[in-house]
Amino acid sequence: MDGHNPRSIVIRPAEVVDVEGIAAVHATSWRETYGRFVVNPDTDPWFDVDRRIDMWRTNLEQDAFATFVAEDESGVIGFAATQETPGSDAVRPEELTMLYVLSRAHGGGAGQALLNAALGPRPASLWVAADNPRAHSFYRRNGFAADGTTSSFGPIETTVRLAR
């Protein structure tokens, strides 16, 4: 693929210089996906990019997650992060903690490429909003299934644990 093709996507390990790009994707993806769960995403702290910049600077400086970014000619369009699953009751040794792609890049292969880079075929668990059919379909195609465990996170009233 040449660099002028809008579908040219590069997947690589994240670096500290990616902080602002990852934070922007994180906040924008949350707004696109979960903005409907709050009264006003413009004032809700879960959708604040500055909060995400500080969080991602710490995450990347401390290697809190194994993080990969997807880039096209416009910059970072997605990211994925994994870590060892915390707790003695972990259902899998590894957790896909985050995988977000800007909606304008959905269907272009970035999400699949990020999942492949971050996790490959390894067994893992993840949490997804119960009311996110696109994500459920994506993870089902990749061998994940709900294990019956639910929780909540931030403005998301019900999250479902998936495992493979």
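For clarity, every value in this text was computed on a predicted model and none was experimentally measured. Counting begins at 1 with the first residue of the sequence.
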Rounded to the nearest 0.5 Å, how far apart are [atom1] of [X] and [atom2] of [Y]?
X	Y	atom1	atom2	result
I156	W46	CD1	CH2	8.0 Å
L162	N142	CG	CG	11.0 Å
L115	Y139	CG	OH	6.5 Å
I53	T58	CD1	OG1	12.0 Å
L119	F68	CG	CZ	10.0 Å
H136	D131	NE2	CG	8.0 Å

Could you report the tightest heavy-atom contact between [X] and [Y], atom names first, then the distance?
X	Y	value
L60	A14	CD2-CB, 3.9 Å
A27	R52	CB-CG, 4.2 Å
T82	A118	CG2-O, 3.7 Å
L99	F138	CD1-CE2, 4.2 Å
A105	I77	CB-CD1, 3.8 Å
I9	G108	CD1-O, 3.5 Å

Does any non-hydrogen side-chain atom of [Y] lie less than 4.5 Å from one of [X]?
X	Y	value
S29	L102	yes
Y34	N132	yes
T67	D18	no
S103	H106	yes
L114	I11	yes
F144	V128	no

Quick check: is [Y] connected to [X] through a chain of hydrophobic side chains (ILVMFWY, heavy atoms under 4.5 Å apart)?
X	Y	value
V69	V17	no
V25	V10	no
W30	W127	no

> Pick from H26, E20, E61: which one makes a side-chain hydrogen bond (donor to acceptor under 3.5 Å, both in side chains) with W56?
Replying inline: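 When side-chain hydrogen bond (donor to acceptor under 3.5 Å, both in side chains) is applied between W56 and each of H26, E20, E61, only H26 qualifies.
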
> Which is it for R134 and S137 under the side chain to side chain contact (heavy atoms under 4.5 Å, CB included) test, yes or no, and what are the steps along the way?
Replying inline: CA-CA 5 Å; R134 181 180 187 87; S137 177; 5.9 Å; no

>> I'd like to know whether F79 forms a side chain to side chain contact (heavy atoms under 4.5 Å, CB included) with M98, so could you lay out the CA-CA distance, the side-chain angles of the two residues, the decisive distance to 0.1 Å, and finally the verdict.
In response: CA-CA 8 Å; F79 69 93; M98 292 172 262; 3.8 Å; yes

>> So if I apply the side-chain contact (heavy atoms from CB on, under 4.5 Å) rule between V91 and each of D147, T85, T149, which one comes out positive?
In response: D147

> Do any N or O atoms from the side chain of T97 and from the backbone of A81 form a donor-acceptor pair under 3.5 angstrom?
Replying inline: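 Checked: pair present.
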
> Side chains of R92 and S125: donor-acceptor distance under 3.5 Å anywhere?
Replying inline: no

>> Taking R104 first and then D72, would you say they form a salt bridge - that is, a charged N and a carboxylate O separated by under 4.0 Å?
In response: yes

